[in-house]
Amino acid sequence: MSEQKLPTRAEDFPEWYNTLVVRADMADYGPARGTMIIKPYGWALWENIQAALDKRFKATGHVNAGFPMFIPQSFLEKEKKHVEGFSPELAVVTIGGGETLEEPLIVRPTSETIIGHSYAKWIQSYRDLPVLINLWNSVVRWELRTKLFLRTLEFWWQEGHTAHATKEEAEFETLQMLNVYADFAENEAAVPVIRGRKSESERFAGADETYSIEAMMGDCKALQSATSHHLGQNFARAFEIRYLDKGNEQQYCWTTSWGISTRFIGAIIMVHGDDQGLVMPPRLAPYQVVIVPISKTDAERAAVMEAARAVRAELTAADIRVKVDDREGLTPGFKFNDWEMRGVPLRLEVGPKDLAKGTVALARRDKPGREGKSFVSREGLAATVAAMLKDIQQSLFDRALAFREQNTFDPKDYAEFKSAVEKGFALSYWCGDGACEAQIKEETKATTRCIPLDQPGGAGACIHCGKPAAEKALFARAY
RNA sequence: CGGGGCGUGGCUCAGCUCGGUAGAGCGCACGGUUCGGGACCGUGAGGUCGGAGGUUCAAAUCCUCUCGCCCCGACCA
């Protein structure tokens with residue numbers, strides 16, 4: 001149950017987020033610093049995210065498997081850049097069963113190394129390729145500053161790991177999965193994203209190329225929402241993942257990895273949420289419709305509850321996820337606010353007046369007050385509701401896209417650039433030089449989020465150093 | 001790790017300066033009146049005041065140590 005008054009996004013966005021996540025029953029703090037408990041309501045959202053993604057992974061030929069959480073320390077050390085990238089944030093087990101271990105075990109921060117070990121054993125011939133495996137698991141990274149869903153010591157995610165015979169196939173896979181993520185984000189979560197390539201400094205430790213989808217949050221900061229890595233032959237060489245080609249020659253495989261995490265829940269919250277609370281995209285919402293029965297007398301209550309259950313049955317039959325709020329002792333007004341905070345896309349009210357008229361009241365979460373409220377006939381209700389959910393889904397996407405475009409700038413010079421990244425995204429020509437990038441970061445706190453795949457074409461001068469630049473980069477302050 | 005703040009019922013906090021019977025609001029339980037936008041009344045349960053040591057006739061309050069958490073700076077899906 002919820003209390004009143006959430007801080008507004010305008011007055012304190014981080015506080016709005018922290019309060020909301022806990023109040024809306026999405027998650028709670030774990031007892032160990034930086035850990036997170038995902039509560040049933042939050043996990044229900046994650047399950048819907050998983051289902052939407054898993055369907056897409058299967059459709060592109062992938063299969064799921066389970067890999068160990070513990071990785072021999074020596075594995076991490078086999079790929080040089082990979083160790084360097086991850087060693088500061090590893091959790092290491094040194095004691096097991098009361099004995100000091102001969103070789104410490106790493107709690108997986110990601111599974112490239114143990115995958116590499118296995119693929120080396122499994123792959124002998126070009127006939128064994130490609131290997132297309134996905135893992136649903138949790139990983140541990142010892143972060144210093146944590147925030148529920150966005151950065152915690154342990155987080156849940158999926159990591160895909162594939163091995164291919166050629167560079168081209170691996171490249172295709174990397175971009176294919178990037179597109180899967182973009183499709184999921186936009187069409188399931190109603191989160192508009194920018195697909196792009198990471199700069200060298202933002203690249204995954206051990207990758208030749210990292211791609212990401214980037215989204216704008218309600219405070220105009222960027223959130224990397226999923227990544228897809230072309231690992232080249234780096235892990236193949238480190239772990240001896242080789243195959244015999246048709247000409248009977250040993251070749252190193254080309255591998256990829258790609259992931260999206262519970263962090264994406266943070267994106268959903270920060271993209272769609274408003275000052276009333278969460279706004280769940282209908283396609284992923286744990287409950288798409290909440291029915292609030294309204295009655296005074298016992299007789300009314302019995303009749304209203306019967307109608308509520310009948311409506312639930314009708315909507316459930318149409319594959320709509322419905323919750324009847326039959327809690328006693330709470331006023332309807334309280335329940336309205338409660339479910340608005342939890343972000344249920346559509347509220348359905350059934351009261352004595354509706355029974356008399358053969359109607360129900362519908363209130364859209366995306367449109368507050370009278371504007372979003374309508375009274376509709378019980379006839380054909382499932383179709384009415386389904387259409388409205390579809391409309392809400394679309395309007396959430398449209399609104400988020402408009403917001404991003406409104407806050408994305410094309411600065412003419414570096415002075416304009418500086419104020420642009422204070423306010424939102426800046427799309428600017430950039431020379432690609434790491435030192436230049438580092439200076440921009442120091443001066444503005446903005447980083448290159450990605451080099452968008454969709455480029456305007458042509459060329460220009462780097463927004464910072466003025467050197468010739470072939471591509472525009474997306475700059476923003478980021479989570 | 002550097003700087004700042006805080007630990008008192010489930011939650012938010014008051015009490016500490018000036019030592020003397022642990023408080024409030026919210027939440028929770030029960031009873032009643034309510035119910036189409038966050039209802040109200042009554043009754044009640046619940047705390048070794050983060051921990052250890054010290055000073056004192058007496059410590060939430062004073063002293064010492066310790067643990068933990070939050071916020072701000074260097075790394076990150």
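Quick note on labels: first sequence line is chain A, next is B, and so on, each numbered from 1. Only a predicted model underlies this, so the values are computations on that prediction, with no experimental measurement involved.
- Within the structure, a side-chain polar atom (N or O) of A/R145 is placed less than 4.0 Å from OP1 or OP2 of B/G73.
- Here the side chains of A/M177 and A/F57 are in contact, with some heavy-atom distance below 4.5 Å.
- For A/F397, the ring-ring contact (aromatic ring centres under 6.0 Å, His included) criterion is met by no residue, not counting sequence neighbours.
- For B/G68 and B/C41, the P atoms lie 44 Å apart once the distance is rounded to whole Å.
- Whole-Å rounding puts the A/D325 CG to B/G37 P distance at 15 Å.
- Contacts between residues 295-311 of chain A and RNA chain B, counted as heavy-atom distances below 4.0 Å, involve A/S295, A/K296.
- Scanning for side chain to side chain contact (heavy atoms under 4.5 Å, CB included) contacts around A/D433 gives A/C431, A/A435, A/C436, with sequence neighbours left out.
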Would you list the protein and nucleotides 3-7 of chain B atom pairs, both N or O, that sit under 3.5 Å from each other?
none

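- For the pair A/T448 and A/L474, the minimum side-chain heavy-atom distance is 4.5 Å or more.
- Separating the P atom of B/A22 from that of B/G31 is a span of 33 Å, rounded to the nearest Å.
- With sequence neighbours left out, the side chain to side chain contact (heavy atoms under 4.5 Å, CB included) criterion links A/F417 to A/P411, A/Y414, A/V421, A/A426, A/S428, A/I440, A/T444, A/I463, A/F475.
- Closest approach to the A/F155 side chain among B/A77, B/C75, B/G36 is made by B/A77 (side chain taken as heavy atoms from C-beta onward).
- A search for side chain to side chain contact (heavy atoms under 4.5 Å, CB included) contacts involving A/P72 returns A/S74, A/F75, A/E103, not counting sequence neighbours.
- Interface residues of residues 345-355 of chain A facing RNA chain B, ordered by number: A/R347, A/E349, A/G351, A/P352, A/K353, A/D354; criterion, heavy-atom separation under 4.0 Å.
- The salt bridge (charged side-chain N to carboxylate O under 4.0 Å, His left out) analysis of residues 287-305 of chain A, with sequence neighbours excluded, yields the pairs A/R301-A/E328.
- In this structure, B/C40 and B/G32 make a Watson-Crick or G-U wobble pair, each of the two defining distances being under 3.5 angstrom.
- For the segment residues 170-188 of chain A, the set of residues with a heavy atom within less than 4.0 Å of an atom of RNA chain B is empty.
- Qualifying ring-ring contact (aromatic ring centres under 6.0 Å, His included) partners for A/H164, counting only residues two or more places apart in sequence or in other chains: none.
- For A/E15, the side chain to side chain contact (heavy atoms under 4.5 Å, CB included) partners two or more places apart in sequence, or in a different chain, are A/P7, A/D12, A/N18, A/T19.
- Here the separation of B/A59 from B/U17, taken at their P atoms, is 14 Å to the nearest Å.
- At the phosphate of B/A77, neither OP1 nor OP2 sits under 4.0 Å from any side-chain N or O atom of A/S261.
- Sorted by first and then second residue, the pairs that involve residues 190-226 of chain A and meet ring pair (Phe, Tyr, Trp, His ring centres under 6.0 Å), not counting sequence neighbours, are A/H82-A/F204, A/F86-A/F204, A/F204-A/H229.
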